[in-house]
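One-based numbering along the sequence shown. Atoms within a ligand are numbered from 1 in the order they appear, just like the ligands themselves.
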Amino acid sequence: MKKHHQTGFDTDCIHAGSDPDKLFGGVSVPIYQSSTFAFESAAQGAARFSGTDNGYKYTRLGNPTIAALEEAVATLEGGGKGLATASGMACISTLFMATLGQGMHVVSTDSVYGPTRTLLEREFSRFGVESTFVDSSDLNNVKRAIKPNTKLVYLETPANPTLSISDIAGAAKLAHAAGALLAVDNTFCSPMLQRPFELGADIVLHSMTKFLNGHSDVVAGMLIVRDQALYAQLKGVLVQMGGTIDPHQAWLVLRGVKTLAMRVRQAQETSMKLAVDLGKHPAIAWVKYPGLPSHPQYDLGRKQMKGPGSMISFELKDGVDAGRMLMDTVKLCILAVSLGGVETLIQHPASMTHASMGPKNRKIAGITDGLVRFSVGCEDYEDLRNDLMEALDKIAAHKFTHNSDAQGI
Ligand SMILES: *Cc1c(COP(=O)(O)O)cnc(C)c1O
């Protein structure tokens with residue numbers, strides 16, 4: 001895209017990274033489904049490998065379709081350079097591999113995406129990396145956990161699935177004072193609702209599987225950084241470890257990004273109404289949604305996020321058994337993990353996404369057995385409301401005699 005510095009977010013979603021194709025003028029970025037690129041001469045090949053010619057060589061090292069996506073997402077985050085990866089976990093493992101090593105320490109939000117925590121505790125621990133998980137919605141916990149060997153502070157905000165919000169600007173100050181980097185998993189907000197660089201983060205990352213792609217048909221990730229040396233370090237690790245994205249997968253995400261703003265707006269509007277409806281229903285114990293004043297970090301959310309998003313967590317009064325009944329009764333809402341797609345999805349973290357954490361760590365992180373995570377999609381509000389209310393009315397009328405444990409689901 002020609003540089004228009006004043007363009008808005010909706011415009012950038014559609015145009016960033018997408019120039020009409022130079023060969024035939026195709027408006028959609030071509031899919032360069034090629035593993036390798038021909039050189040015109042031996043001298044040109046040598047120049048590409050020595051870096052004096054920045055043309056393409058081999059798709060793991062770089063590809064025009066992937067580059068278009070990297071530019072698009074980096075623009076949406078407000079600048080920097082993007083590195084697209086084969087999955088969100090490939091971007092998180094690349095980040096840890098590039099910034100941590102023997103004897104180093106990371107402080108992380110406790111209710112992070114389950115596999116992020118498992119990766120540190122089960123895999124990186126084998127290479128001498130220490131990790132501490134804290135409730136980062138209270139900055140004092142982050143401060144207390146930082147040690148002389150802390151090299152990375154890792155926030156997920158709002159966190160998964162508790163929707164706890166952590167102060168990015170405050171954590172950036174703490175991390176930088178300790179000589180550590182701050183990384184923020186921005187998956188739940190997408191750059192439409194939160195721009196961590198503006199609050200001092202050094203690294204922003206996404207599971208593009210979620211809002212950026214938005215159609216529940218691709219698994220992909222993205223790292224964005226502003227510092228050139230850090231970019232080179234991350235790219236080196238990504239290329240060596242091989243977690244790179246495929247050009248076709250990149251093209252699908254680029255296509256999804258074009259409607260990001262519209263999707264997020266629609267889902268958020270519906271979420272606000274549904275969160276209020278849910279809060280009034282007698283079958284529900286509590287609702288946690290950043291748009292409700294009852295959210296414990298409501299003011300912080302309003303300050304650092306541009307909107308409350310479309311993820312809602314709630315607890316049913318009758319716990320696990322009522323949760324199971326809800327998931328088996330809804331018809332329009334789909335029982336599936338993942339989030340951020342146009343379809344509304346409902347899931348039970350204790351038995352699904354966060355089962356690997358174990359009951360003790362789940363309890364500490366506030367992931368209760370009856371907690372239901374709801375990712376609101378772009379269907380009509382009335383249809384979603386009717387689907388949920390019918391199921392909740394059945395639950396309210398049902399006599400629950402016992403409650404099995406979470407593993408029973
Ligand atoms: C899904 C998710 C991930 C992992 O992404 P994949 O694309 O599934 O590898 C990481 N962080 C958050 C917050 C997620 O929701």
Side-chain angles (χ1 to χ4, degrees), residues 69 73 77 82-97 106 108-121 123-124 131 133 136-137 152 154-166 168 183-194 196 201 203-224 238 241-246 249-250 252-253 256-257 260 264 267 290 305 309-313 336-341 343 345-349 352-357 365 367 371 373-377:
L69 176 63
V73 178
E77 283 292 354
L83 274 173
T85 60
S87 67
M89 288 315 299
C91 103
I92 294 165
S93 58
T94 299
L95 166 70
F96 293 158
M97 191 61 87
V106 50
S108 164
T109 303
D110 56 2
S111 70
V112 275
Y113 184 70
T116 303
R117 180 165 182 158
T118 311
L119 178 64
L120 285 170
E121 288 186 329
E123 316 304 340
F124 277 84
S131 47
F133 295 87
S136 57
S137 67
L152 182 68
Y154 184 94
L155 292 187
E156 191 177 303
T157 179
N160 188 358
T162 59
L163 300 177
S164 289
I165 299 172
S166 301
I168 298 173
V184 177
D185 183 333
N186 203 23
T187 300
F188 268 39
C189 277
S190 88
M192 167 104 176
L193 302 180
Q194 180 167 275
I203 301 140
V204 179
L205 61 99
H206 288 276
S207 165
M208 299 197 294
T209 312
K210 317 297 168 54
F211 289 97
L212 284 165
N213 179 60
H215 292 76
S216 310
D217 51 12
V218 176
V219 173
M222 182 74 80
L223 280 163
I224 310 108
L238 177 63
M241 299 289 292
T244 41
I245 195 171
D246 173 81
Q249 192 185 352
L252 283 167
V253 180
V257 164
L260 174 70
V264 169
M305 292 158 65
S310 51
M311 297 300 299
I312 304 174
S313 286
V337 299
S338 198
L339 55 108
E343 311 84 359
L345 304 181
I346 192 164
Q347 73 115 347
H348 178 245
M352 296 172 187
T353 47
H354 292 68
S356 69
M357 263 174 93
I367 305 167
L371 188 146
R373 190 186 76 185
F374 195 49
S375 169
V376 179

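The shortest distance between side-chain heavy atoms of Pro161 and Thr353 does not fall below 4.5 Å. Here the side chains of Tyr154 and Leu120 are not in contact, with every heavy-atom distance at 4.5 Å or above. You'll find the side chain of Phe133 reaches within 4.5 Å of the side chain of Glu121, heavy atoms only.
For Thr109, the side chain to side chain donor-acceptor pair (under 3.5 Å) test picks out Ser136, with sequence neighbours left out.
Atom NE2 of residue His206 and atom CE of residue Met222 lie 8.5 Å apart, to the nearest 0.5 angstrom.
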Output block, N or O contacts of ligand 1, threshold 3.5 Å exclusive:
from	atom 1	to	atom 2	distance (Å)
ligand 1	5 (O)	Ser207	OG	3.0
ligand 1	7 (O)	Gly88	N	2.8
ligand 1	7 (O)	Ser207	OG	2.8
ligand 1	7 (O)	Thr209	OG1	2.6
ligand 1	9 (O)	Gly88	N	2.9
ligand 1	9 (O)	Met89	N	2.8
ligand 1	11 (N)	Asp185	OD2	2.7
ligand 1	15 (O)	Lys210	NZ	2.7

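Here the side chain of Arg373 pairs no donor or acceptor atom with the backbone of Met311 at under 3.5 angstrom.
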